[in-house]
Trainee: 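Have a look at the structure that comes next, please.
Side chains included, hydrogens not; waters and symmetry mates left out as well; all remaining heavy atoms used. Here is how names work: the chains are called A, B, and so on, in the same order as the sequence lines, proteins then strands, and each is numbered from 1.
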Amino acid sequence: MLQVENLHAGYGTSEVLTGTTLHVKQGSVVALIGANGAGKTTTMRAISGMIKPASGRVLLGGQPVQGLSASRIAKLGLAHSPEGRKVFGPLSVEDNLLLGAYNHLPMFFGFRGRAAEGLEKVYALFPRLKERRLQAAGTLSGGEQQMLAIGRALMANPKVILLDEPSMGLAPVIVQEVFNIIRRLKESGVTLLLVEQFAKSALEVADYAYVMERGRIAVEGTPAQLHQNERVIAAYLG
Amino acid sequence: MNMTIIAQMAVSGALMGMVYALIAYGFQLTYATSKSINFGQGELVMLSAFFSLTLLNLGAPYWLMVIGGLLFGAAMGLVVERACVRLALEQKSEGWILLTIIFGLLGFSAAENIWGRDDRPFPSPISSDALDFFGISITGLEIAVAVGVLAVMGVIELFKHKTLLGKAFAAVSADRDAAELMGISATKTIMLSYGLSGMVAAMAGILISPITTVGPTMASALILKAFSVAVVAGLDSGFGVVVIGICLGALESLTSFYLGSGWREAPGLLLLILALAVRPNGVFGKANIRKV
Ligand SMILES: Nc1ncnc2c1ncn2[C@@H]1O[C@H](COP(=O)(O)OP(=O)(O)OP(=O)(O)O)[C@@H](O)[C@H]1O
Ligand SMILES: [Mg+2]
């Protein structure tokens, strides 16, 4: 569903990704782990078009999308929930969710009706969001904002979701809650690329995992394989 | 000095103030999506007025002139966005400030060369006869100004708050990158806001011209006051600009009546200084919600 081949990307003149290759099969959850500054966020940004890759290919459902604008790539079925959540602070929770489905809704009138089903699904997953649907997103707690960011990505009904550190800055209890949600998404058949600091938990939900070091994939394999790799155990699972 | 004269002065001034409000609203529209404004907005008002006058002189009926003028304003707004704003915003620079000022200067000399320096009357089918409301006389033209301003602003406010595209405006303003990730093209949204802003400027020109006449300098005083209104009201409240616009217009008219017309510009400038010193976010401005 998502194929990244020999991707090179960076900021200005500094190259961060030096030939990243990874694959996410339809209906699978793939974890991308690695130390701070390894280039995980940069990988996601290059996939979703927030930065333009210098070379390499990104295929979404077989179609090359590298070099397209972020809004084009989103229209083609990629949802990226970025690092730091980035909800629309002044807008209400519900407006944030509606905008998540922007590509599927009429621009002027009648969009509420068309979005009702999707909204109900997201509210069923996150009852807390329903309670706060009219509140400004910027005034939600960190955990609630994360739920909103995930819900907003789901609203697009995308082919692939990229989740960049959904557990960042959350209390341990809430982190477990977030992983439970990821598990439920997986059961419902969502295709997911997940970047996580909590490597252990990430490997518990993932079907496959990549370990990134200095802009490259250093190790890859199923969670069981990684659990037997001494280097990985020492660096990330210790 | 009797109450009727005071009321008369206040009402005429207030109606004038609604035009300041409409121009200020044009600033708000582009600020809302891009945090940039067109410093040549006054020239846009003036150019659109000249263009509309030319349409009338060519024999176009009044309603066609209004449509043509509004389209011209929208087109000019798009030109400003493409030529002066887009690249600067992409590079996250403040270059649009200088470029839009230059656009204004160019527009000014273009108008002088094409239409000449003289002020010209702008015919209107609406009567300039005074109607009497409880002893206060208001002309049909003045009523047209009030109705036109409120109608245009009302329609655009409905669009901003009730349509998904309007919410996309707010999303681009809150977080451009995140909006792009939702599939919202920030560039197109900003283009649209400049187009709307140009249209609003043209509307202001068409409404005010029958009262003031059309000339290259017609907007230089207007724009300063519109700017004061925008700053005092804050750059995000449509309701705010109307209230402040009306107050400023009334205040000006009363000042020039009591202190002499030389003092006419004083209230606007005083209000501007006061606002910047006391409420930099505007009286109606929301305190910024800090991103977490
Ligand atoms: N906007 C930017 N401009 C310049 N350099 C950047 C920018 N963002 C990231 N970098 C650099 O790119 C490298 C990789 O950063 P990236 O954010 O991709 O790491 P990461 O793996 O997501 O780390 P973390 O786990 O801390 O989120 C770092 O060396 C960082 O300094
Ligand atoms: Mg990161």
Side-chain angles (χ1 to χ4, degrees), chain A residues 44-45 48-51 69-92 94-112 114-115 136-142 144-146 149 152-153 155-156 158 162 164 169, chain B residues 28 31-35 86-87 89-93 155-193 195-196 234-238 281-282 284-292:
Chain A
M44 292 201 152
R45 288 197 181 135
S48 69
M50 287 175 81
I51 58 174
S69 69
S71 58
R72 284 289 309 146
I73 297 177
K75 282 198 181 75
L76 292 170
L78 184 101
H80 176 183
S81 165
E83 190 171 69
R85 310 185 263 268
K86 300 218 166 216
V87 297
F88 302 118
L91 277 74
S92 73
E94 189 149 304
D95 284 351
N96 269 265
L97 292 174
L98 289 169
L99 286 166
Y102 183 76
N103 290 318
H104 307 295
L105 298 178
M107 297 249 245
F108 291 97
F109 300 103
F111 56 91
R112 261 173 220 286
R114 285 275 287 281
T139 63
L140 296 176
S141 75
E144 288 162 348
Q145 287 193 16
Q146 188 57 58
R152 191 176 61 174
M155 286 296 290
L162 313 182
D164 196 346
Chain B
Q28 287 188 340
Y31 188 82
T33 54
S34 62
K35 302 269 183 293
R86 189 182 298 176
L87 287 181
L89 289 181
E90 272 169 16
Q91 290 160 6
K92 301 203 187 326
S93 91
V155 167
I156 296 180
E157 282 293 295
L158 268 182
F159 158 76
K160 279 173 72 176
H161 294 288
K162 296 293 172 201
T163 72
L164 192 62
L165 194 56
K167 292 180 196 296
F169 267 50
V172 169
S173 150
D175 192 323
R176 183 178 171 151
D177 286 340
E180 285 271 348
L181 291 178
M182 305 297 113
I184 299 165
S185 163
T187 313
K188 281 190 197 144
T189 313
I190 293 171
M191 270 173 70
L192 188 61
S193 73
L196 276 178
L235 279 159
D236 47 28
S237 166
N281 277 331
F284 293 88
K286 298 172 204 132
N288 292 330
I289 299 174
R290 293 259 167 254
K291 281 177 210 146
V292 196

Trainee: Counting only heavy atoms from other residues, nucleotides and ligands, does the tally under 6.0 Å from NZ of Lys188(B) exceed 12?
Mentor: no
Trainee: Chain B heavy atoms under 4.5 Å from Leu91(A): which part of the residue, side chain, backbone, both or neither?
Mentor: side chain
Trainee: Does any non-hydrogen side-chain atom of Met182(B) lie less than 4.5 Å from one of Phe88(A)?
Mentor: yes
Trainee: Considering only heavy atoms, which portion of Ala179(B) lies under 4.5 Å from any heavy atom of chain A: side chain, backbone, both, or neither?
Mentor: both
Trainee: Show your working on side-chain contact (heavy atoms from CB on, under 4.5 Å) between Lys167(B) and Phe111(A) and close with a plain yes or no.
Mentor: CA-CA 12 Å; Lys167(B) 292 180 196 296; Phe111(A) 56 91; 4.0 Å; yes
Trainee: Sort Phe109(A) into side chain, backbone, both or neither according to what part of it lies under 4.5 angstrom from a heavy atom of chain B.
Mentor: side chain
Trainee: Under 3.5 Å, side chain of Lys86(A) to main-chain N/O of Ala178(B), donor-acceptor pair present?
Mentor: no
Trainee: For the candidates Lys75(A), Met155(A), Arg152(A), which exhibits the highest count of non-hydrogen atom pairs separated by less than 4.5 Å from chain B?
Mentor: Arg152(A)
Trainee: Side chains of Met50(A) and Glu180(B), heavy atoms from C-beta outward: is any pair under 4.5 Å?
Mentor: no
Trainee: Does Leu164(B) form a side-chain contact (heavy atoms from CB on, under 4.5 Å) with Phe108(A)? I'd like the steps, not just the answer.
Mentor: CA-CA 6 Å; Leu164(B) 192 62; Phe108(A) 291 97; over 6 Å; no
Trainee: Do you know which of Leu165(B), Thr187(B), Leu181(B) has the most heavy-atom pairs under 4.5 Å to chain A?
Mentor: Leu181(B)
Trainee: Closest heavy-atom contact between Tyr102(A) and Ala168(B)?
Mentor: CE1-CB, 3.7 Å
Trainee: Go through the steps for Met107(A) and Thr163(B) under the test side-chain contact (heavy atoms from CB on, under 4.5 Å), then give the verdict.
Mentor: CA-CA 7 Å; Met107(A) 297 249 245; Thr163(B) 72; over 6 Å; no
Trainee: Give the member of Ser71(A), Ala156(A), Gly110(A), Pro82(A) that has the highest number of heavy-atom pairs under 4.5 Å with chain B.
Mentor: Ser71(A)
Trainee: Name the region of Pro158(A), side chain, backbone, both or neither, that has any atom closer than 4.5 Å to a heavy atom of chain B.
Mentor: neither
Trainee: Does atom CZ (Arg72(A)) have a neighbourhood of more than 12 heavy atoms from anything else shown, all under 6.0 Å?
Mentor: no
